[in-house]
Amino acid sequence: MIWIQHDPVIDSGHILLKSLFFYPVLKKQIRKNITGRAMTESTISDILQFMFMGIQRGCIYALAAIGFNMIYNATGIINFAQGEFVVIGGLMMVTLTMTWNLPIPLAFLLTTAFVTLIGIAMERFTINPVKHPTVLRLIIITIAVSIIIKGAAMCFWGKNSHFMRHFSSAETLDFYGATILPQTIWIIGILLFIVAGYIFFFNYTMTGKCMRACAINRDAARLAGINDRKMVMLSFALSAGIGAIAGIIITPIIQMDYARGALLGIKGFGAAVLGGLGNSMGAIIAGVLIGVLEALAAGYISSHYMDAIALIILLLVLFVRPSGLFGSSEAMRLKEF
Amino acid sequence: MKKRSVFLLAALAMVLSFSSAITAMAEDIHVGCIFAITGKASWLGEPERNTAEMVAKKINAAGGINGKKLVLHIEDDQGDNTQAVNAVNKLIKKDKVCAIIGPSTSGTSMAVVPIVQEAKIPLLSCAGAAVIVEPASERKWVFKTPQKDSDCVKRIYDHMKGKGIKDIGIISSTSGFGDAGRNQLKKIAAEYGINIVADETYDPTATDMTAQLVKIKNAGAQAVVNWSIEPAQAIVPQNIKQLKLTIPLYQSHGFGNLKYAAAAGEAGEGLIFPAGRLLAVDTVADDHPQKKVLVDYRNEYESTYKDKVSTFGGHAYDALYILTNAMKKVGDDPAKIRDEIEKTEFVGTAGIFKFSPTDHCGLDKTAFEMLTVKNGKFVVLTE
Amino acid sequence: MKIKDYIGIGILIIVIAAMPDLVGNDYYLGVLIFTAFNCLTCTGLCLLMGYTGQISIGHGAFIAIGAYSSAILTTKLGWSPWTAMGCGVLLAAITAVIVGIPTMRLKGHYLAMATLGFASIVHIVSVAAVDVTGGPSGISGIPRLQIFGFALNSDTRNFYFSWGVVVVGLYLAVNLIHSRVGRGLQAIHGSEDAASSLGVNIAVDKIKILVLSAIYASISGSLYAHYVLYIDPGPFDIMHSVLLVTMVAVGGLHNIWGAITGAVLLSLLPEFLSFLSEYLQGIGIRYQTDYDTLIYGSILLLIMLFLPEGLFEGLSRSLKSISGFRGKLAGRSSERAD
């Protein structure tokens with residue numbers, strides 16, 4: 001039942017993207033909707049600038065949230081090591097491209113494969129052996145794993161921030177008075193690509209359908225001959241891979257260091273919850289929404305409180321809709337502590 | 001069941017009491033160090049630890065302190081106040097040190113100040129904020145070796161005045177260092193006739209400051225001051241370039257790490273910041289009194305650790321030499337060391353120290369040199 | 001209250017009384033004082049998590065409320081520390097009610113996120129509201145506590161006082177668990193629907209326990225402020241809230257003694273690691289403090305993998321199987337593994 005709701009959500013996503021690429025229409029709408037009278041050109045470009053900043057942040061939250069959802073659907077737990085996958089992806093990419101001077105596409109593949117292996121190892125050695133899993137116990141295990149990965153990353157990559165060259169040129173592009181980095185376009189593009197791959201995988205491949213079946217009803221899926229343990233492993237592999245990609249694409253902009261994981265993870269968790277746990281399309285919308293809210297709050301209210309404003313809105317949404325924007329309350333009941 | 005937990009506690013107590021029995025030889029001189037070696041400020045703590053170990057080795061190789069071996073007890077506070085308090089208690093009560101170097105950050109330094117004041121053990125903090133040692137009458141046992149943030153602000157405002165800049169926007173990180181700088185910027189502005197038109201902050205882990213910079217731009221600022229010590233500060237020049245802002249960017253002395261300049265890349269070219277001379281040692285005049293110290297320290301550090309030197313390690317270097325020089329004169333009595341440090345004059349990496357009963361930092365604004373980034377390197381600003 | 005709990009508290013008191021002589025070094029007392037603060041918060045958190053099944057990753061916020069109330073009221077308004085502490089408790093209780101009414105309707109991960117969000121908001125305010133909280137520069141010059149003119153100015157005195165508070169808190173908590181209210185709470189954890197059909201007022205009971213645990217956290221925050229004498233937002237961040245949950249889970253969720261065990265273990269673990277590193281360096285093994293993080297994580301992982309009901313139950317059980325000790329397991333947790 002988690003999956004039925006996809007279509008309207010994808011539609012709203014389309015609107016968001018359409019509005020970006022058909023900017024003049026948007027401009028007119030902003031003029032009409034926000035103030036009711038003509039605004040100066042610079043106000044429009046400011047809004048656009050904040051939107052770019054917000055969408056860029058939001059894409060990363062969204063990618064982290066998809067990772068959370070994959071594992072949540074398979075196991076019912078929140079994987080606190082999700083942020084660590086992002087960090088390892090970023091750091092590995094830095095080593096491969098900046099130290100070993102590999103071409104970016106090759107490094108991209110190697111890094112994703114490497115982090116996917118870490119995800120599989122994590123599932124095999126820490127989640128799979130647990131005989132009587134309870135949600136809280138598994139969560140604490142993921143916290144322990146995140147501490148270990150963080151410690152290992154610190155020993156291996158040291159404590160400094162690492163920076164990496166942009167995928168393409170670092171020259172900014174002008175866009176109706178606002179500026180955008182080519183890297184941001186890469187981020188948006190890769191997010192869209194992942195979403196497309198995600199929809200294809202879960203709707204048109206056997207493995208994907210098996211994973212969905214497990215997410216909806218694990219016992220029934222097992223009765224139908226699906227190896228649910230294997231699906232759990234697969235979910236860890238995929239979510240680690242997606243985490244790695246998030247790390248890879250964001251590192252040129254933010255610089256990566258070993259300690260960033262927890263914060264990225266918490267933001268991603270917020271996006272996953274706001275979108276409705278288990279609903280990955282909801283997570284994408286929610287992730288971008290949180291990013292944009294933060295940027296607008298920083299731009300128009302106060303940079304001191306920008307994170308708090310996004311959180312307050314998140315809480316208010318939860319109070320009104322206890323299962324998130326796009327989550328169903330029935331699905332929520334299935335997986336409790 | 002409770003018995004078990006209690007048994008566990010008792011066993012634990014036993015282990016603890018045994019460990020306290022291990023105390024070192026009485027003949028050595030014990031000095032404590034607290035650095036944020038891991039955790040959220042580890043890029044500060046690591047060069048400091050490396051430097052302290054390197055200097056101690058060198059001092060001992062040269063015969064120690066009046067023939068006695070210098071023993072460093074290095075603790076890691078992880079940039080966390082509770083751990084720092086534990087560490088300073090351990091150094092004072094278990095290791096019986098006669099003086100302490102560190103902690104690395106302003107917050108942890110403030111957290112341990114009450115303890116060293118009460119235990120009457122001299123502390124040489126490696127953190128930037130001036131409030132750590134001010135007022136000196138209340139901070140009898142506390143000294144610090146980095147330059148004062150207030151002097152840094154004065155140098156920036158001096159430079160702005162020369163350029164005719166009046167309206168500025170400030171952007172600072174929400175850490176102890178950033179906040180202290182923000183307060184000083186606001187406090188001293190009126191004195192120089194500077195008008196702060198925008199006051200923005202960002203989290204030390206922030207990834208994008210374009211929104212804040214757009215606000216600064218719209219406020220009509222003629223220059224931006226970015227005050228932070230965290231790696232995130234290197235994003236500000238990048239965002240400025242991205243927004244195609246052409247107003248000059250000033251950084252604080254917290255920018256004093258070549259890695260930050262490398263991270264800012266091309267966008268960092270031409271930014272201006274006051275810093276100790278260590279970073280631009282090649283462009284310092286040969287007859288400058290600090291020249292020899294700077295060259296020695298840089299060469300030694302870079303050859304020992306195969307890593308770029310940063311001003312942060314230099315603070316530990318100064319602190320350890322100031323301390324050991326005092327100990328060579330008066331031995332290892334904490335009270336005598338304190339009195340001696342208060343009289344110390346020392347040529348260090350951060351500047352020429354001149355401590356006094358009213359000044360526990362010992363540096364003034366001449367310790368700073370205005371630097372800029374040119375071809376990815378720090379050079380002294382000539383205009 | 002069961003006889004075993006009386007014995008437990010009695011033995012705890014004896015150990016506390018003997019501790020300063022046993023450890024013989026003020027430094028360890030300092031570490032144990034921080035341990036006491038964590039024990040106090042974890043006792044409250046365990047009431048909430050173990051007995052009503054409500055997760056909270058937001059208790060760092062209540063600690064912050066207590067600590068900041070004490071710090072601000074004593075340094076800026078010159079109030080007596082005890083009045084300030086009382087105000088902190090009141091403020092934490094009111095906040096708990098306000099936050100609790102909408103939040104406690106949520107479940108599972110949604111509840112976790114809501115409490116986490118609340119904790120982040122409090123943390124952001126403590127960083128950003130510079131005029132009130134001092135911002136990242138913090139508040140220094142907090143006075144020490146005085147009991148009838150008897151200043152808590154040594155580690156021994158602070159040690160006795162803070163552990164005394166823990167014992168009182170523990171006594172109240174254990175009493176509560178075995179009262180009618182406590183049995184109602186356990187019923188909530190078992191099944192909310194069943195409990196409410198038997199006349200337990202779930203919503204009100206959950207809020208009451210949240211308020212109680214917030215009070216515990218607030219007191220521990222006030223004590224922290226009056227012991228360290230300086231506070232900044234650092235110690236009250238989200239990671240501290242996560243650590244508290246971890247302490248409770250490691251010790252054992254369903255038993256208040258488990259929470260104490262977990263708090264003691266995880267508070268002392270960093271000290272053990274530093275002791276270990278000194279030992280290893282002493283015998284000539286090159287050991288870097290950087291490895292501490294790895295070892296800490298590994299120990300946590302091993303406990304969760306091999307002691308499913310938490311450290312306390314796990315140890316009791318293995319001791320029982322070794323010695324053939326016949327006794328009923330404390331609480332009813334073994335029957336209630338979910």
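Bear in mind the structure is a predicted one, so any value in this text is a computation, not a measurement. Every chain is numbered from 1 and lettered A, B, ... according to where its sequence line falls, protein lines coming before strand lines.
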Please classify the contact of B/D203 with chain C as side chain, backbone, both or neither, using a heavy-atom distance under 4.5 Å.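 For B/D203, there is no contact with chain C at all, as no heavy atom is under 4.5 Å.
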
B/Q83, part contacting chain C, at a heavy-atom distance under 4.5 Å: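 Contact with chain C: side chain only.
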
Of the backbone (N, CA, C, O) and the side chain (C-beta and beyond), which part of [X] lies under 4.5 Å from a heavy atom of chain B, both, or neither?
X: C/P233; answer: neither
X: C/V127; answer: side chain
X: C/Y27; answer: both
X: C/F37; answer: neither
X: C/S137; answer: both

Full working for side chain to side chain contact (heavy atoms under 4.5 Å, CB included) between B/K94 and C/Y28: CA-CA 9 Å; B/K94 178 164 165 268; C/Y28 296 112; 3.3 Å; yes

Residues in side chain to side chain contact (heavy atoms under 4.5 Å, CB included) contact with B/K140, at least two apart in sequence or another chain: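 Only B/Q117, B/R338 meet the side chain to side chain contact (heavy atoms under 4.5 Å, CB included) criterion with B/K140.
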
Determine the option with the most heavy-atom pairs under 4.5 angstrom with chain C, choosing from [options].
options: B/K93, B/R49, B/E118; value: B/K93
options: B/N81, B/I74, B/I92, B/N89; value: B/N81
options: B/S175, B/A180, B/S106; value: B/S175
options: B/A111, B/S173, B/G79, B/P114; value: B/A111

Could you check C/D292 against B/T38 for side chain to side chain contact (heavy atoms under 4.5 Å, CB included), going step by step and ending with a plain yes or no? CA-CA 9 Å; C/D292 282 359; B/T38 60; over 6 Å; no

Approximate separation, where rounding is to 0.5 Å, of B/D80 CG and C/M239 CE: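 B/D80 atom CG to C/M239 atom CE measures 12.0 Å (nearest 0.5 Å).
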
OG/C/S277 to CD/B/E75 distance, rounded to the nearest 0.5 angstrom?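 Here the interatomic distance stands at 7.5 Å.
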
Report the C-alpha separation of B/N86 and C/E271 in whole Å, then their side-chain angles, then the decisive distance to 0.1 Å, and conclude whether the side chain to side chain contact (heavy atoms under 4.5 Å, CB included) test is met. CA-CA 9 Å; B/N86 278 339; C/E271 297 307 317; 3.8 Å; yes

Considering all heavy atoms, the nearest C/P235-B/T82 contact: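 Minimum heavy-atom separation between C/P235 and B/T82: CB-OG1, 4.4 Å.
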
Output, in order, the C-alpha distance, side-chain angles, deciding distance and verdict of side chain to side chain contact (heavy atoms under 4.5 Å, CB included) for C/V130 and B/D179. CA-CA 9 Å; C/V130 178; B/D179 191 54; 4.1 Å; yes

